[in-house]
Protein chains: 4
Amino acid sequence: MSEHSLMVAMRDPKYTKELIDETALRLFVEKGIAETTIRDISSAAGIAEGTLYRHYVSKEHLAWELFSKNFTAFAVELDQLHRKHDTLKAKIDATIRHYCTFFDKDPILFSYLLLELHGQLRKVTPDMPNPVTVLRRFIGEGMARGEIPRKDREIAAAMVLGVVLHVAVSKVYGRTKQSLTALADSIVAAAWRVLEA
Amino acid sequence: MSEHSLMVAMRDPKYTKELIDETALRLFVEKGIAETTIRDISSAAGIAEGTLYRHYVSKEHLAWELFSKNFTAFAVELDQLHRKHDTLKAKIDATIRHYCTFFDKDPILFSYLLLELHGQLRKVTPDMPNPVTVLRRFIGEGMARGEIPRKDREIAAAMVLGVVLHVAVSKVYGRTKQSLTALADSIVAAAWRVLEA
Amino acid sequence: MSEHSLMVAMRDPKYTKELIDETALRLFVEKGIAETTIRDISSAAGIAEGTLYRHYVSKEHLAWELFSKNFTAFAVELDQLHRKHDTLKAKIDATIRHYCTFFDKDPILFSYLLLELHGQLRKVTPDMPNPVTVLRRFIGEGMARGEIPRKDREIAAAMVLGVVLHVAVSKVYGRTKQSLTALADSIVAAAWRVLEA
Amino acid sequence: MSEHSLMVAMRDPKYTKELIDETALRLFVEKGIAETTIRDISSAAGIAEGTLYRHYVSKEHLAWELFSKNFTAFAVELDQLHRKHDTLKAKIDATIRHYCTFFDKDPILFSYLLLELHGQLRKVTPDMPNPVTVLRRFIGEGMARGEIPRKDREIAAAMVLGVVLHVAVSKVYGRTKQSLTALADSIVAAAWRVLEA
DNA sequence: AATGAATGAGAGTTCATTCAT
DNA sequence: CATGAATGAACTCTCATTCAT
């Protein structure tokens with residue numbers, strides 16, 4: 001008990017929240033949000049149940065913050081990234097490589113954003129930075145510049161995203177062994193062919 | 001009350017199960033499985049809570065049967081469908097149109113199969129008929145016949161599925177107005193360009 | 001278990017709510033509302049915890065309904081009662097005897113209304129029938145008719161109520177052995193002398 | 001933060017306890033003891049949660065000390081006060097005026113003693129100085145001296161106390177505007193008439 | 001003395017499931 | 001087959017209390 005108290009007292013408060021985030025994220029992806037209990041999270045993280053509530057007001061808020069913060073951050077990154085490039089081709093290339101890098105760096109977080117999208121999307125407000133919106137916008141701008149044939153921007157963005165995300169899904173389910181980074185070239189090529197159609 | 005009892009007594013037993021299926025499916029898609037209670041389903045269907053247990057042994061079985069029966073049936077349909085065609089091009093065309101028709105005919109069921117895939121996939125056994133498997137197989141056979149360049153069959157199937165399903169997702173979220181059937185031509189074209197890459 | 005199930009199934013639904021009311025009322029008075037748990041109530045009543053929630057949406061609602069229904073009913077009774085009499089003297093006499101009879105008939109309920117008055121009074125809206133209001137009104141009318149000297153009606157009502165209720169308090173705390181009904185004559189006499197002052 | 005620490009360091013330790021008492025008393029009366037959390041008290045007092053435990057071993061002790069110390073002190077005051085007078089009439093007069101002065105000087109404390117009486121009374125031991133006991137005793141002595149008609153001392157004390165306390169209650173609930181001191185004459189008159197009956 | 005993050009027992013509440021009718 | 005009151009395990013969340021600083 002004294003040893004435990006010692007550990008508790010020594011724990012960096014910053015680390016506690018990160019520990020919760022990490023543990024919750026992993027369990028949410030492994031078992032689903034509803035199937036993960038507060039006890040699951042706290043015991044896996046080695047903290048008391050009450051401690052979680054010092055950092056998040058509820059389980060729902062935890063799930064939402066984990067989603068929205070990372071979702072928004074990723075969208076902002078995409079937005080900043082595509083501005084560094086002039087042609088649609090270069091933007092698409094950079095965007096897809098960013099997706100691939102993200103996946104390989106943190107597959108659990110990527111999976112969470114991918115798989116919980118539907119569940120959390122009810123709360124996504126139109127004014128929140130959103131990867132789909134970013135993609136649709138610069139694809140539309142590329143069309144306007146005549147880089148690719150004109151078509152429905154929404155559909156085009158959906159198809160490009162579908163190509164990228166479904167390879168990710170294939171990897172999440174263990175059907176694909178290669179890293180997404182290793183597959184980036186062929187994903188970019190496929191996406192570009194979709195846009196050129 | 002007697003009138004109500006009369007109605008209950010007169011209810012076609014077949015219809016009760018269909019009513020449960022329909023109601024549960026809609027609520028599962030609207031709110032998620034965990035967020036839908038037995039009471040939600042029974043009150044929306046106008047039946048007693050206990051009645052549901054005459055048709056399904058548990059809520060979990062209900063969700064699973066709704067998923068697996070339709071998932072399997074769709075896979076079987078795809079399997080039978082592609083056999084009617086000889087070339088990969090024709091198979092892809094027919095398969096994608098089948099997806100589109102399915103979506104337009106029963107968007108709720110389609111959404112359920114699409115969105116609950118992750119949650120239910122833990123229970124999908126490798127021996128169950130599976131749309132992905134069917135697709136991957138006939139794409140592989142098309143490659144073997146030299147109809148398209150050789151590449152990873154798994155990745156190719158994932159990309160094709162991604163193109164189709166993400167347009168569906170776009171429609172589920174109301175970002176696309178047109179019916180999937182109306183979009184079938186461009187989806188087929190995009191998928192084919194992906195395979196030709 | 002089968003015996004228990006049998007008892008459960010045989011329980012008159014009307015009786016279940018009455019059982020909850022009775023048990024909760026007793027425990028609330030014995031230990032206080034906050035100190036009484038749902039488990040205390042359900043186990044003392046011999047029902048499951050969930051059963052309580054078929055009848056009341058929350059513990060707070062239970063406490064409030066137990067209070068407000070009886071509080072209002074008693075006020076309505078007092079209101080109807082005093083109308084049967086013409087003189088203030090007769091009204092005071094009847095009112096006090098009604099208090100005494102109520103106490104002797106259901107000391108627990110009386111104690112609840114008396115002791116939880118402060119806690120629940122935050123929720124008592126001015127438009128709810130209220131014993132104090134009734135009393136103040138007919139005392140005021142008696143003054144207007146010249147039956148007693150003019151004075152502040154509110155203070156007069158408070159004093160009369162104080163005389164009655166503090167004898168009840170004395171009895172609740174076991175300091176007085178006689179029944180309130182037996183004491184009614186002297187309470188009436190005291191109250192009347194207060195009004196005549 | 002350093003400024004705050006400075007302020008904390010400068011705080012007179014005597015003042016901290018008084019601050020806790022004052023804040024707790026106010027919140028206990030406003031919301032009830034059970035409904036007031038340690039955090040409510042500490043944040044309203046501008047101290048840390050742990051600080052409270054430097055002064056009281058528990059919340060229960062805090063509530064009890066706040067009650068018993070003041071309850072006892074008031075009883076002792078009443079006891080000393082009535083000894084200064086010879087006749088029951090004078091004792092009653094002085095006692096009631098003391099109640100009124102107390103109320104007007106510290107209505108919150110008065111309310112606490114009045115309203116939490118029931119909750120805390122379980123812990124009031126018979127040997128503790130007690131206003132009711134004091135009152136009952138000197139009323140009994142007055143009867144023995146033939147100042148008022150013989151009757152049940154307990155009931156007589158309850159009635160007198162009822163007259164006083166219910167006017168206080170009326171004021172606590174905002175139904176009476178005048179100060180209790182301003183009402184003292186009429187309260188004394190009413191109480192005396194009750195005893196003369 | 002004062003702090004406040006951490007604790008964890010225990011509270012209120014939910015809801016899938018049962019079963020006598 | 002249908003009913004729905006009753007069940008109780010299990011959940012989320014609260015909050016008095018501790019203790020290293």
Side-chain angles (χ1 to χ4, degrees), chain A residues 1-2 4-13 16-17 34 36-40 42 47-60, chain B residues 1 4-5 7-9 11-13 16-17 34 36-43 47-60 62, chain C residues 1-2 4-13 16-17 34 36-42 47-60 62, chain D residues 4-5 7-9 11-13 16-17 34 36-42 47-60 62:
Chain A
M1 187 61 96
S2 62
H4 184 230
S5 301
L6 199 63
M7 289 174 63
V8 166
M10 282 165 56
R11 181 150 58 221
D12 180 352
T16 298
K17 185 166 192 178
T36 302
T37 69
I38 295 292
R39 249 179 207 102
D40 287 338
S42 56
I47 60 170
E49 288 146 68
T51 303
L52 200 147
Y53 288 90
R54 295 210 132 251
H55 299 276
Y56 293 99
V57 303
S58 70
K59 179 180 153 182
E60 203 184 341
Chain B
M1 186 61 96
H4 183 232
S5 303
M7 289 174 64
V8 165
R11 181 149 60 220
D12 179 352
T16 297
K17 184 165 191 176
T36 302
T37 67
I38 295 291
R39 184 167 286 173
D40 286 338
I41 300 169
S42 56
S43 77
I47 60 169
E49 291 166 67
T51 302
L52 200 146
Y53 290 86
R54 299 264 145 211
H55 300 277
Y56 293 99
V57 301
S58 71
K59 179 181 156 181
E60 205 184 340
L62 167 58
Chain C
M1 185 64 95
S2 63
H4 185 230
S5 302
L6 198 63
M7 288 174 64
V8 164
M10 282 165 55
R11 183 148 59 218
D12 178 352
T16 297
K17 184 164 194 181
T36 302
T37 70
I38 294 292
R39 258 174 200 100
D40 286 339
I41 299 168
S42 56
I47 59 169
E49 290 143 66
T51 303
L52 200 147
Y53 289 89
R54 294 210 132 250
H55 300 278
Y56 294 99
V57 301
S58 69
K59 179 180 153 182
E60 204 184 340
L62 168 57
Chain D
H4 183 232
S5 302
M7 290 174 63
V8 166
R11 183 150 60 220
D12 179 352
T16 297
K17 182 163 193 178
T36 302
T37 68
I38 295 291
R39 185 167 283 172
D40 287 338
I41 299 169
S42 56
I47 60 170
E49 290 167 68
T51 302
L52 201 146
Y53 290 88
R54 298 264 147 213
H55 300 277
Y56 292 100
V57 301
S58 72
K59 177 181 157 181
E60 205 185 341
L62 167 58

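Atoms considered below: every heavy atom in the structure, side chains included; atoms not considered: hydrogens, waters and symmetry mates. First the proteins, then the strands, lettered A, B, ... as listed; each starts at 1.
Between E60(B) atom CD and dC15(E) atom P there is a gap of 17 Å when expressed in whole angstrom units. In this structure, the CG atom of L62(C) is 14 Å from the C1' atom of dT13(E), given to the nearest Å. Remark: P of dA2(F) and OH of Y56(B) are 13 Å apart, rounded to the nearest angstrom. In this entry the distance linking CG of D40(A) with C1' of dT12(F) reads 13 Å, nearest Å. In this structure, K59(C) places its NZ atom 9 Å from P of dA11(E), rounding to the nearest Å. Atoms CD1 (I47(C)) and P (dG8(F)) sit 11 Å apart, rounded to a whole Å. Residue I41(D) contributes atom CD1, which lies 13 Å from atom C1' of dT17(F) at whole-angstrom precision. The CG atom of L52(A) sits 13 Å away from the C1' atom of dT7(E) (whole-angstrom rounding).
Comparing atom distances between the R54(C) side chain and each of dA16(F), dA6(F), dT13(E) picks out dA6(F) as nearest. Each of dT7(E), dG4(E), dA16(F) was ranked by its minimum atom distance to the side chain of A48(D); first place goes to dG4(E).
Residues I47(B) and L52(B) share a closest heavy-atom pair of CD1-N, 4.4 Å. Listed here is the closest heavy atom pair of K59(C) and A34(C): NZ-O, 3.7 Å.
One finds a side-chain N or O of H55(A) lying less than 4.0 angstrom from the OP1 or OP2 phosphate oxygen of dA6(E). At dT14(F), none of the side-chain N or O atoms of T37(D) fall inside 4.0 Å of OP1 or OP2 (strictly under the cut-off). Taking side-chain N and O atoms only, T51(B) has no distance below 4.0 Å to OP1 or OP2 of dC1(F). OP1 or OP2 of dT12(F) has not a single side-chain nitrogen or oxygen of S58(A) nearer than 4.0 Å.
Backbone-only contact: T36(C) has heavy atoms under 4.0 Å from sugar-phosphate atoms and none from a base. Residue contacts shown for S42(A) are absent, as no nucleic acid heavy atom lies under 4.0 Å away. Contacts of I38(B) with the nucleic acid, taken as non-hydrogen atoms under 4.0 Å apart, include base atoms.
Take the nearest nucleotide of DNA chain E for V57(B) and for R39(C): the residue whose nucleotide is more 5' is R39(C).
Between the side chain of E49(A) and the base of dC13(F), a donor-acceptor pair under 3.5 Å is found.
How far CD1 of I38(B) is from OG of S58(B): 8.0 Å, rounded to the nearest 0.5 Å.
Across all strands shown, dG8(F) is found opposite dC15(E) as a Watson-Crick or G-U wobble partner, with both distances under 3.5 Å. Shown here, dA9(E) forms a base pair with dT14(F); the pair counts as Watson-Crick or G-U wobble because both key distances fall under 3.5 Å. The pairing partner recorded for dT21(F) is dA2(E), the criterion being a Watson-Crick or G-U wobble arrangement whose two distances lie under 3.5 angstrom.
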